[in-house]
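Start at 1 with the first residue, then count along the sequence.
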Amino acid sequence: MDVVSTATRGESTDGIPSASLKTWFQTKLESLYEVPSHPDSEHSPHLSVALFTSRTQILLNHIPITFEDFQNDIRSQLQSSIHASVSWKDVMEVYNPEDESQKQEGIVAGIYVVTRSLKFRIRAGPAQRKTTVVFSAKIERDPNIHDEDARRVVHLHQTQLDEAVPIIIHGIGSQQTTS
């Protein structure tokens, strides 16, 4: 495998992934919000497994939830969606001082916003929902994984707010008078 193709996948030629913690987390999390192409298909559980461990501790709005509940929450958000996009704000990474040379462990924190276009329409356009999430994720290498990128989220703290995107209808109530 040449250096160009491994670098684009976030791997270096010496077996240590080259993607920063921030890039790794953003890529993995965005894949969780991909809308399934077939409504009957199960939403890619293997993507969640590549992000979390079986012992991941998750707090959602300061309430501990199970990994399964976290997955179900994302599935329910995507259930009536035809498209979803993730935008990032103020994301930072802090490396574990004991892992400073390899930069494979640490904390990624910031804000992301998931905007979902729904299957039904309001006026001429699709209805939309927006979920704003403030997060902090602790990432460590899983010693049980040897063949691939062993980074996994072991602690995830999220505060999220789900709301409808306001509908702006131009032209109503703005009658013009001519002189």
Side-chain angles (χ1 to χ4, degrees), residues 1-36 42-78 84-116 130-163:
M1 184 176 293
D2 63 358
V3 175
V4 173
S5 62
T6 57
T8 57
R9 287 187 17 214
E11 300 170 4
S12 66
T13 54
D14 60 1
I16 298 172
S18 62
S20 69
L21 287 179
K22 182 169 88 169
T23 302
W24 176 85
F25 181 79
Q26 289 174 318
T27 302
K28 298 289 186 183
L29 191 101
E30 286 175 6
S31 66
L32 293 179
Y33 286 98
E34 290 178 359
V35 176
E42 185 67 24
H43 187 255
S44 309
H46 67 282
L47 296 173
S48 300
V49 172
L51 180 60
F52 300 103
T53 70
S54 59
R55 67 184 200 285
T56 298
Q57 297 174 349
I58 302 172
L59 287 177
L60 181 60
N61 293 337
H62 294 272
I63 299 171
I65 64 169
T66 65
F67 175 68
E68 291 76 24
D69 288 342
F70 180 74
Q71 284 183 307
N72 290 335
D73 182 57
I74 292 175
R75 280 191 195 111
S76 69
Q77 290 179 28
L78 297 176
S85 64
V86 178
S87 60
W88 298 89
K89 299 178 183 179
D90 301 325
V91 178
M92 65 177 135
E93 59 191 355
V94 178
Y95 292 105
N96 180 348
E98 297 170 5
D99 185 55
E100 192 65 38
S101 63
Q102 294 188 7
K103 298 189 176 190
Q104 298 296 300
E105 295 184 351
I107 298 169
V108 177
I111 301 169
Y112 66 90
V113 179
V114 180
T115 305
R116 300 178 318 277
K130 177 177 76 170
T131 304
T132 303
V133 180
V134 178
F135 73 94
S136 176
K138 184 176 182 183
I139 301 168
E140 294 179 352
R141 285 189 306 263
D142 186 337
N144 300 321
I145 301 174
H146 304 289
D147 297 341
E148 59 187 85
D149 187 348
R151 293 180 283 191
R152 297 293 184 268
V153 173
V154 294
H155 298 284
L156 178 64
H157 299 246
Q158 289 195 158
T159 302
Q160 73 180 30
L161 173 66
D162 187 50
E163 57 192 350

Original post:
Of all heavy-atom pairs between Ala150 and Ile145, which one has the smallest distance, and what is that distance?
Top reply: CB-O, 3.8 Å

Subject >> Test log, rule side chain to side chain contact (heavy atoms under 4.5 Å, CB included), inputs Phe67 and Leu156 >> reply: CA-CA 10 Å; Phe67 175 68; Leu156 178 64; over 6 Å; no

Would you say the side chains of [X] and [Y] form a donor-acceptor pair under 3.5 Å?
| X | Y | result |
| --- | --- | --- |
| Trp24 | Gln104 | no |
| Asp162 | Thr131 | yes |
| Asn72 | Glu68 | no |

Original post:
In Å and rounded to the nearest 0.5 Å, what is the CD to NZ distance from Glu30 to Lys28?
Top reply: 12.0 Å

**OP:** Measure the CD-CG distance between Gln160 and Leu60 for me, rounded to the nearest 0.5 Å.
**Re:** 4.5 Å

Subject >> Centroid-centroid distance, Phe25 to Tyr112, less than 6.0 Å >> reply: no

Original post:
Side-chain contact, heavy-atom cut-off 4.5 Å: Glu93 with Ser20?
Top reply: yes

Original post:
Within a strict 4.5 Å, meaning less than it, do heavy atoms of the Val133 and Thr159 side chains meet?
Top reply: no

Between [X] and [Y], is there a donor-acceptor pair closer than 3.5 Å when you use the side chain of the first and the backbone of the second?
| X | Y | value |
| --- | --- | --- |
| Glu105 | Arg141 | yes |
| Asp69 | Ile65 | no |
| Glu163 | Lys130 | no |

Subject >> Pair Glu140 + Lys138, salt bridge at N-O below 4.0 Å >> reply: yes

Original post:
Stepwise, does the side chain to side chain contact (heavy atoms under 4.5 Å, CB included) test hold for Leu21 with Arg151?
Top reply: CA-CA 9 Å; Leu21 287 179; Arg151 293 180 283 191; 3.9 Å; yes

